[in-house]
Amino acid sequence: FGLRAEMPVMDYLSIGGLFEFVGYQFDDTSADRNLAIDMSFWIKGRYVIELTRDLDLEVYLGLPFGFTGYFPDGDAFDNSFGFNTGLLGGGQLILGRFAVFTEMGWRHRHTYWDEENGAASIDFDLAHNQFAFHLGAMLLL
């Protein structure tokens with residue numbers, strides 16, 4: 001699930017932000033789903049094609065980059081924080097103030113955890129890459 005806000009700043013460039021919830025579960029554990037929250041800056045190169053007087057097609061390549069919080073299920077690990085990035089390509093059909101979009105690409109999340117436990121220090125980092133496929137709708141303001 002995600003929310004996205006963006007604003008065209010030039011004919012071929014939009015900037016904005018993403019706020020996304022990501023849930024996933026590791027195959028080899030009995031724990032419930034883990035949760036990651038991404039808050040990202042979003043920059044998008046775009047090209048708009050006028051199909052009809054009322055319908056446009058926008059094709060784009062977007063780059064998110066920002067903060068990630070990882071909140072695992074269970075007691076094995078504490079919450080950890082880090083960054084996310086990716087590269088997403090897609091298109092959207094724009095009809096007046098409403099649009100539907102689809103995109104796919106690569107997402108990367110990397111979080112870090114460090115704990116002092118007496119004389120021992122435990123350092124942990126979790127990185128994962130994933131194929132992303134999004135379908136959505138938006139209201140254009």
Side-chain angles (χ1 to χ4, degrees), residues 1-52 54-141:
F1 175 77
L3 297 173
R4 178 180 299 188
E6 61 184 56
M7 178 177 64
V9 292
M10 291 187 283
D11 287 342
Y12 302 105
L13 184 68
S14 289
I15 60 171
L18 305 177
F19 185 76
E20 300 170 303
F21 293 95
V22 180
Y24 54 93
Q25 183 174 14
F26 295 110
D27 287 339
D28 59 348
T29 67
S30 62
D32 288 336
R33 289 195 168 271
N34 300 297
L35 175 68
I37 297 176
D38 297 335
M39 291 180 282
S40 308
F41 176 72
W42 172 247
I43 185 166
K44 180 175 90 172
R46 67 193 197 111
Y47 184 74
V48 179
I49 302 163
E50 185 177 326
L51 299 176
T52 68
D54 297 326
L55 183 67
D56 294 331
L57 170 67
E58 178 186 86
V59 293
Y60 61 87
L61 190 61
L63 175 69
F65 183 82
F67 168 80
T68 291
Y70 172 63
F71 307 97
D73 180 64
D75 296 329
F77 298 104
D78 288 337
N79 300 338
S80 60
F81 302 95
F83 72 94
N84 73 81
T85 189
L87 186 62
L88 301 167
Q92 61 184 359
L93 287 172
I94 304 168
L95 180 60
R97 302 188 66 76
F98 183 75
V100 293
F101 70 91
T102 185
E103 65 190 14
M104 67 177 81
W106 161 77
R107 289 302 300 265
H108 174 79
R109 290 176 185 83
H110 201 133
T111 59
Y112 305 91
W113 178 62
D114 183 17
E115 180 179 294
E116 294 294 328
N117 188 0
S121 175
I122 302 168
D123 293 328
F124 172 78
D125 65 71
L126 173 68
H128 74 272
N129 295 291
Q130 76 179 142
F131 171 76
F133 179 73
H134 301 143
L135 294 171
M138 66 176 69
L139 180 62
L140 306 171
L141 302 175

Inter- and intrachain pairs under salt bridge (Lys or Arg N to Asp or Glu O under 4.0 Å), touching [range], at least two apart:
range	result
residues 9-22	Glu20-Arg107
residues 126-136	none
residues 82-106	Arg4-Glu103

Residues which pass side-chain contact (heavy atoms from CB on, under 4.5 Å) with [X], listed by chain and number, not counting sequence neighbours:
X	value
Leu57	Ile49, Leu51, Val59, Leu93
Leu87	Leu61, Trp106
Ala5	none

Regarding Asp125 and Thr111, is there a side-chain donor-to-acceptor distance under 3.5 Å anywhere?
no
Passing candidate, ring pair (Phe, Tyr, Trp, His ring centres under 6.0 Å) with His108, options Phe83, Phe131, Phe65
Phe83
Full working for side-chain contact (heavy atoms from CB on, under 4.5 Å) between Val22 and Leu35:
CA-CA 6 Å; Val22 180; Leu35 175 68; over 6 Å; no
Pairing residues for [X] by the side chain to side chain donor-acceptor pair (under 3.5 Å) criterion, not counting sequence neighbours:
X	result
Glu58	Lys44, Arg46, Gln92
Arg109	Asp38, Gln130
His128	none

Shortest non-hydrogen contact between [X] and [Y], atoms and distance:
X	Y	value
Leu140	Gly96	CD1-O, 3.7 Å
Pro8	Ser14	CA-OG, 3.4 Å
Leu18	Trp42	CD1-CE3, 3.7 Å
Ala137	Phe101	N-CE2, 3.8 Å
Leu63	Gly86	CD1-O, 2.8 Å

How long is the gap from [atom1] on [X] to [atom2] on [Y], to the nearest 0.5 Å?
X	Y	atom1	atom2	answer
Met138	Ile94	CE	CD1	8.0 Å
Leu126	Tyr112	CG	OH	10.5 Å
Asp54	Leu95	CG	CG	6.5 Å

Taking ring pair (Phe, Tyr, Trp, His ring centres under 6.0 Å) as the test, write out the residues that go with [X], two or more places apart.
X	value
Phe133	none
Phe41	none
Phe71	Phe81

For Thr68 and His110, indicate whether the former's side chain and the latter's backbone hold a donor-acceptor pair under 3.5 Å.
no
Is any side-chain heavy atom of Tyr70 less than 4.5 Å from a side-chain heavy atom of Asn79?
no
